[in-house]
Amino acid sequence: MVDVAAIFKAYDVRGVVPDQLDESVARATGAAFVEVLDVLAGPGAVVVGYDMRPSSPALAAAFAEGVTSTGADVIDIGLASTDQLYFASGRLDLPGAMFTASHNPAKYNGIKLCRQAAAPVGADSGLRDIADLVAKALTEGPATGSAAGHVTHKDLLTAYADHLHDLVDLSGIRPLTVVVDAGNGMGGHTVPAVFADGPVTIIPLYFELDGNFPNHEANPLDPKNLVDLQAKVRETGADLGLAFDGDADRCFVVDELGDPISPSAITGAVAVRELAKQPGSTILHNLITSKAVPELVTEHGGVPVRTRVGHSNIKQKMAETDAVFGGEHSAHYYFRDFWRADTGMLAALHVLAALGEQDRPASERFAEYERYVASGELNNTVADQAATVAAIEDTYAGGDGISVDHLDGLTVSAGQWWFNVRASNTEPLLRLNVEAADQATMERVRDEVLALITGASVEEN
């Protein structure tokens with residue numbers, strides 16, 4: 001029997017195929033999704049897309065069977081990136097389901113669910129209720145509906161590309177040559193459509209759709225997966241390099257020297273562009289992004305709002321504040337004009353526009369957004385997350401010039417540095433991020449906190 005609680009995470013469904021996630025789970029999830037979101041009384045249909053993993057088409061078809069068994073209809077958009085699914089949900093005003101395990105290894109698959117207009121479904125906004133119904137269906141058998149819904153196939157790739165170009169027009173920029181590493185993921189599907197015409201010449205790396213990831217994992221957050229992109233940028237003399245994760249909803253950037261541009265710098269750059277169009281707007285940033293982001297937002301007349309990590313937190317806060325843009329340290333970028341959903345492709349268009357509207361190389365153009373030195377996210381397995389965090393707080397709280405907050409985990413700030421320690425929701429991990437004014441200070445604080453963490457650690461990841 002499948003352990004449903006183990007695969008329904010805080011924000012999505014994810015597990016090993018077929019041991020944890022199989023067609024019976026997908027089918028039950030489809031039916032439960034309709035019930036929890038009251039689809040029959042509302043829009044009457046669900047839009048479904050899937051990525052290039054070998055198991056994705058069958059899982060998506062099983063989910064569609066679950067939906068239609070209730071009498072609701074399905075709009076099947078076929079192969080899609082996650083942000084293309086969000087586009088479809090927004091354009092059609094339908095709830096949606098995307099079959100993908102994003103950046104996870106080949107043995108995994110998953111489901112990302114959203115309400116109408118790409119609104120999130122999180123643990124406290126429906127996902128837990130769906131999990132309960134799935135567990136019941138797997139134990140007692142599925143309920144039988146009196147009428148079957150219909151499946152309609154709809155190709156929205158061109159409409160998705162057109163919408164992005166309506167938001168960021170590249171027609172007036174100087175010609176650019178850009179290396180794109182799709183990692184055998186869905187960027188190989190969307191990038192050719194988005195860049196079919198215009199001043200950007202694409203040098204493709206690993207555009208063949210292959211969910212077995214024969215070249216490297218589609219996880220650009222891990223530096224080893226950027227090596228091929230960096231080498232190709234240097235080899236070809238390209239102006240920029242872009243790397244997409246497996247479902248192509250996140251985008252990572254390297255400059256013409258092959259050096260990574262941090263997601264915080266991209267957040268700052270896009271925020272400045274959005275504020276130029278809509279002065280005085282609110283910009284969201286999660287608490288792991290560089291403190292350069294709120295500085296830049298304030299300097300350009302915007303209102304920075306600090307949030308917890310995670311897309312459901314960001315999207316909820318965007319709705320509350322009417323924020324025009326939000327960015328996370330993990331390279332998720334959210335746009336009010338994209339139904340408050342995250343889209344790495346739209347962020348990439350902003351980056352290309354910012355570069356192509358002037359003559360400086362990327363390393364110079366984006367240097368103004370890189371003001372501090374960061375450790376990156378460091379994960380350690382600990383026996384007792386709460387006790388370890390408490391010990392860290394006891395060490396720092398009350399010190400001269402030190403402030404502490406608990407917006408998301410523990411954040412400790414001083415004049416020249418800050419760090420955050422957060423517990424993973426799904427694993428016995430503590431996640432540490434440190435930022436400081438200079439390398440030496442960052443390393444000192446990092447090592448001090450790591451010593452406190454590893455004193456209680458089981459193993460370091």
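Values below: all heavy atoms of this structure, side chains included; hydrogens, waters and symmetry mates excluded.
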(message) What I'd like to find out is whether the side chain of Glu23 reaches to under 4.5 Å of the side chain of Leu59, using heavy atoms alone.
(response) yes
(request) Would you check if the side chain of Asn286 reaches a backbone N or O of Thr289 as a donor-acceptor pair within less than 3.5 Å? (result) yes
(request) With side chain to side chain donor-acceptor pair (under 3.5 Å) as the test, would you mind laying out the steps for Glu35 and Thr70 before giving the verdict? (result) CA-CA 8 Å; Glu35 180 173 344; Thr70 69; over 6 Å; no
(message) More than 12 heavy atoms of other residues, nucleotides or ligands under 6.0 Å from CD of Gln416: yes or no?
(response) no
(message) Using only atom types and a distance under 3.5 Å, with no angle test, would you say the side chain of Arg53 pairs donor to acceptor with the backbone of Tyr108?
(response) yes
(message) Quick check: closest heavy atoms across Val46 and Gly96, and the distance to 0.1 Å?
(response) CG1-CA, 4.2 Å
(message) As a quick check of understanding, evaluate side-chain contact (heavy atoms from CB on, under 4.5 Å) for Tyr334 and Arg340, giving each step before the final call.
(response) CA-CA 6 Å; Tyr334 306 80; Arg340 303 189 182 97; 5.9 Å; no
(request) For residues Phe335 and Glu274, determine if any side-chain heavy atom of one lies less than 4.5 Å from a side-chain heavy atom of the other. (result) yes
(message) Quick check for you: to the nearest 0.5 Å, what is the distance between Ser81 atom OG and His189 atom NE2?
(response) 7.0 Å
(message) Quick check: do Leu85 and Cys114 have side-chain heavy atoms less than 4.5 Å from each other?
(response) yes
(message) Using ring centroids (six-membered ring only for Trp), state whether His311 and Tyr86 fall under 6.0 Å.
(response) no
(request) Going by the side-chain contact (heavy atoms from CB on, under 4.5 Å) test, name the single residue among Val293, Val305, Val303, Val324 that passes it with Leu284. (result) Val305
(request) Would you name the heavy atoms of Ser55 and Asn109 that are closest together and state the gap between them? (result) OG-ND2, 2.8 Å
(message) Please evaluate residues Asp408 and Asn420 with respect to the criterion side chain to side chain donor-acceptor pair (under 3.5 Å), reporting the C-alpha separation (whole Å), side-chain torsions for both, the decisive distance (0.1 Å), and the verdict.
(response) CA-CA 8 Å; Asp408 195 349; Asn420 173 269; over 6 Å; no
(message) Does the plane of the ring in Trp417 sit parallel, tilted or perpendicular to the ring in Tyr396? Use 30° and 60° as the thresholds.
(response) perpendicular
(message) I need the minimum non-hydrogen distance between Ala243 and Leu229, along with the two atoms involved.
(response) CB-CD2, 3.8 Å
(message) Strictly distance-based, threshold 3.5 Å: is any side-chain N or O of Ser69 a donor or acceptor partner for the main-chain N or O of Gly66?
(response) yes
(request) Side-chain contact test, heavy atoms from C-beta onward, threshold under 4.5 Å: evaluate it for Asn380 versus Leu432 and give yes or no. (result) no
(message) Going by salt bridge (charged side-chain N to carboxylate O under 4.0 Å, His left out), name the residues that satisfy it together with Arg306, two or more places apart in sequence or in a different chain.
(response) Asp405
(message) With a 3.5 Å distance limit and no angle check, can you tell me whether Glu370 reaches the backbone of Ser262 through a side-chain donor-acceptor pair?
(response) yes
(request) Evaluate the side-chain proximity of His216 to Asp181: yes if any heavy-atom separation is below 4.5 Å, no if none is. (result) yes
(request) Over 60° means perpendicular and under 30° means parallel, so classify the ring planes of Phe63 and Phe99, tilted if in between. (result) perpendicular
(message) Would Leu349 and Leu167 count as a side-chain contact (heavy atoms from CB on, under 4.5 Å) here? Give the steps.
(response) CA-CA 9 Å; Leu349 293 180; Leu167 298 176; over 6 Å; no
(request) Would you tell me whether Asn313 and Thr307 have side-chain atoms, one donor and one acceptor, within less than 3.5 Å of each other? (result) no
(message) Can you give me the closest heavy-atom contact between Asp83 and Asp342, atom names plus distance?
(response) CB-O, 3.5 Å
(message) Minimum heavy-atom separation for Phe213 and Gly183, please, with both atom names.
(response) CD2-O, 3.4 Å
(message) side-chain contact (heavy atoms from CB on, under 4.5 Å), that's the test. Do Met318 and Thr282 meet it? Break it down for me.
(response) CA-CA 9 Å; Met318 287 190 82; Thr282 297; over 6 Å; no
(message) Side chains of Val191 and Met345, heavy atoms from C-beta outward: is any pair under 4.5 Å?
(response) yes
(request) State which residues pass salt bridge (charged side-chain N to carboxylate O under 4.0 Å, His left out) with Asp322; sequence neighbours excluded, sorted by chain then number. (result) Arg336
(request) Would you give the length of the straight line joining atom CD of Glu295 to atom OG of Ser290, rounded to the nearest 0.5 angstrom? (result) 7.0 Å
(request) Taking Arg128 for its side chain and Ala123 for its backbone only, find out whether a donor-acceptor pair lies under 3.5 Å. (result) yes
(request) Would you please name every residue forming a side chain to side chain contact (heavy atoms under 4.5 Å, CB included) with Gln316, sequence neighbours left out? (result) Glu320
(message) Any side-chain to backbone donor/acceptor pair from Asp73 onto His150? Under 3.5 Å, distance only.
(response) yes
(message) Check whether Glu377 reaches the backbone of Asn433 with its side chain - one donor and one acceptor, N or O, closer than 3.5 Å.
(response) no
(request) Look at the side chain of Ser56 and the backbone N and O of Met52, then say whether any donor-acceptor pair between them is shorter than 3.5 Å. (result) no
(request) Specify the closest pair of heavy atoms between Gly30 and Val67, including all atoms of both residues, with the distance to one decimal. (result) O-CG2, 3.6 Å
(message) Working to the nearest 0.5 angstrom, can you tell me the gap between Leu79 CG and Asp76 CG?
(response) 9.5 Å
(request) Measure from the side-chain N and O atoms of Gln385 to the backbone N and O of Leu429, and report whether any donor-acceptor pair falls under 3.5 Å. (result) yes
(request) Hey, could you give me the CZ/CG distance between Phe87 and Leu92, rounded to the nearest 0.5 Å? (result) 7.5 Å
(request) Calculate, to the nearest 0.5 Å, the distance between atoms CD1 and CD1 belonging to Ile266 and Ile261 respectively. (result) 5.0 Å
(request) Could you go through the salt bridge (charged side-chain N to carboxylate O under 4.0 Å, His left out) check for Arg250 and Glu328 one step at a time? (result) CA-CA 10 Å; Arg250 290 189 295 160; Glu328 295 201 86; over 6 Å; no
(request) Report the distance from atom OG1 of Thr343 to atom NE2 of His332, rounding to the nearest 0.5 Å. (result) 11.5 Å
(message) Within the 4.5 Å heavy-atom criterion, are Asp245 and Asp249 side-chain neighbours or not?
(response) yes
(message) Would you say that Phe419 contacts Ile392 through its side chain, given a criterion of any heavy-atom pair below 4.5 Å between the two side chains?
(response) yes
(message) Keeping Ser89 on the side-chain end and Ala118 on the backbone end, is there a donor-acceptor pair under 3.5 Å?
(response) yes
(request) May I ask you to establish whether Lys277 and Phe325 are in a cation-pi arrangement, using a distance under 6.0 Å from NZ or CZ to the six-membered ring centre and at most 45° from the ring axis? (result) no
(request) Could you give me the CA-CA distance, side-chain angles and deciding distance for Leu164 and Phe338, then say whether side-chain contact (heavy atoms from CB on, under 4.5 Å) is met? (result) CA-CA 9 Å; Leu164 294 175; Phe338 200 80; 3.9 Å; yes
(request) Look at atom NZ of Lys291 and say whether more than 12 heavy atoms of other residues, nucleotides or ligands are closer to it than 6.0 Å. (result) yes
